[in-house]
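Predicted model, so just to flag it, every value in this text is computed and none were measured.
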Amino acid sequence: MTAFVFNEVNFDNHEQVVFASEPKSGLRAIIAVHNTNLGPAMGGCRMWNYATEAEAVRDVLRLSRGMTYKNAVAGLPIGGGKSVIIANPKTDKTPALFEALGEALERLGGRYITAEDVGTSPADMANVANKTKYVAGLGDRGDPSPFTALGCFVGAQAAVKHHFKRDSFDGLTVALQGLGHVGYDYARRLHEAGAKLVVADIDQNSLKRAQEEFGATVVDVNAIYDVEADIYAPCALGATLNPDTMNRLKVKIVAGGANNQLATPEIGEVCRQKGILYAPDFVINAGGIIKVCYEYMNTPEDGMDAHVRRIGETLSEVFARANAEGVPTSVIADRLAEERFTK
């Protein structure tokens, strides 16, 4: 397995990868610390029923590396890391499980700070906090979703301004995939700004709410890629921009909250050649980690909203540089991050 980790395509010189287990609670977790040049690594804890251990390794390495780039571009004094728990978030959660994770984090001595992510919640993080101080996103103040949604919204505004040369969403159609905490709040903001929504999700209750509150049109989760729209907003899991979907998408902009939207780096160039303006995921969805970092570092929160809204300015810079250099926006975003965290 060690050889597999070092040879994994997403390893990318990770500083540390830790496998943590605790038999009484059933904890099986992987903690990945990608880079700490700018400060301690910070990134959420994902709980997922991975089919294989190799799949969990691949996911945590990919997400951890992404956090380094996200945190650097967002101008935060933290590095990148991530953790995953191999378990079913609907059936396997116990306080003891998350306390065991807290003990594992404590052994790392502050090199990695966790928070909620897919499959975990502020309540779970409160259990982690029983055993370590290296956890953020606690209690009612801890939910970063509204800030992620705000960042997506101002990022979409920047994309509309750049591509359509307009400031308004009036009359634009957004095909939004995933109505979780981030996706639903993002949909609300888009609706209030005048956009028409076409939505897809596996949760029928969320779809019904979106129909009632936003007048959204509902389509099947697989049919979202065939919707004729101005913007595709992926807000579920990653890799939805892939060779299959790129042949089906009928949009001009991709601007959503999901992590790791490009199945491979080459898809960024495919977007460029098709005339699709891609808002790089780790730039547009950084609002949540900005909020979590402010909280954990005890930074005065009166500047937090403005910090999140600067995501739009950063994307405008990315779009302009990509145009000037004739390269994908994803390449420019990577360069921006590397300029900041590489020593």
Are the side chains of [X] and [Y] in touch, meaning some heavy atoms are under 4.5 Å apart?
X    : Y    : result
T173 : E228 : no
N127 : P95  : yes
D230 : K252 : no
I276 : V254 : yes
S21  : L27  : no
V33  : H14  : no
L237 : W48  : yes

Tell me whether [X] contacts the main-chain N or O of [Y] through its side chain, where contact means a donor paired with an acceptor under 3.5 Å.
X    : Y    : result
Q261 : G256 : yes
T36  : G39  : no
R46  : V84  : no
S330 : P280 : no
T299 : E295 : no
D185 : H181 : no
N71  : T68  : no
N37  : T342 : no
S64  : A32  : yes
H307 : A74  : yes

Do [X] and [Y] sit in one hydrophobic cluster, given that two such residues count as connected whenever their side-chain heavy atoms are within less than 4.5 Å of each other, even indirectly?
X    : Y    : answer
V60  : F19  : yes
I289 : L336 : yes
I253 : Y278 : no
I267 : I284 : no
L262 : V251 : yes

Pair E213 + R188: basic N to acidic O under 4.0 Å: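 So E213 does not pair with R188 through a salt bridge.
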
Is E15 salt-bridged to R111, going by a charged N under 4.0 Å from an acidic O?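 Result for this pair is yes, salt bridge flagged.
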
Between N130 and E99, a side-chain donor and acceptor under 3.5 Å: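 Yes - a donor-acceptor pair under 3.5 Å links their side chains.
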
Using only heavy-atom distances, determine whether the side chains of Q177 and Y232 contain a donor-acceptor pair under 3.5 Å.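 Present: a donor and an acceptor within the cut-off.
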
Report the distance from atom [atom1] of [X] to atom [atom2] of [Y], rounding to the nearest 0.5 Å.
X    : Y    : atom1 : atom2 : value
M42  : I78  : CE    : CD1   : 4.5 Å
F98  : D124 : CZ    : CG    : 3.5 Å
R309 : I290 : CZ    : CD1   : 12.0 Å
L105 : K131 : CG    : NZ    : 13.0 Å
L101 : T132 : CG    : OG1   : 9.0 Å
F11  : H34  : CZ    : NE2   : 8.5 Å

Partners passing salt bridge (Lys or Arg N to Asp or Glu O under 4.0 Å) against [X] (at least two apart in sequence or in another chain):
X    : result
D281 : none
E313 : none
E22  : none
D203 : none

Shortest non-hydrogen contact from [X] to [Y]?
X    : Y    : value
A158 : L315 : CB-CB, 4.4 Å
G287 : I311 : N-CD1, 3.6 Å
A263 : N242 : CB-CB, 3.6 Å
G275 : H163 : O-CE1, 3.4 Å
G81  : A41  : N-CB, 3.7 Å
A233 : Y186 : CB-CE2, 3.8 Å

Side-chain donor/acceptor pairs under 3.5 Å, residues 317-327, sequence neighbours excluded:
{"residue": "N323", "atom": "ND2", "partner": "H162", "partner atom": "NE2", "Å": "3.1"}
{"residue": "E325", "atom": "OE1", "partner": "R335", "partner atom": "NH1", "Å": "2.6"}

Mind checking what makes side chain to side chain contact (heavy atoms under 4.5 Å, CB included) contact with A210, not counting sequence neighbours?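 Expected list: L179, Y184, V199, F214, A216.
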
Strictly by ring pair (Phe, Tyr, Trp, His ring centres under 6.0 Å), give each pair with a member in residues 320-343 just once, sequence neighbours left out.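 Only Y69-F341 qualify under ring pair (Phe, Tyr, Trp, His ring centres under 6.0 Å).
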
Could you note down all residue pairs passing salt bridge (charged side-chain N to carboxylate O under 4.0 Å, His left out) where [range] supplies at least one of them, sequence neighbours left out?
range            : result
residues 165-178 : K161-D167
residues 72-92   : K82-D117
residues 63-78   : D12-R65
residues 241-250 : D226-R248, D244-R248

Centroid separation Y294 to F147 less than 6.0 Å: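 No.
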
Count the heavy atoms of every other residue, nucleotide or ligand shown that sit under 6.0 Å from NZ of K93, and state whether that count exceeds 12.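 Count over threshold, so yes.
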
After noting the C-alpha distance and the side-chain angles of Y112 and S83, does the key distance pass the side-chain hydrogen bond (donor to acceptor under 3.5 Å, both in side chains) rule? CA-CA 9 Å; Y112 168 69; S83 55; 2.9 Å; yes

Show which residues join I202 in its hydrophobic cluster (side-chain heavy-atom contacts under 4.5 Å, direct or indirect), or state none.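 Hydrophobic cluster check, I202: joined to V221.
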
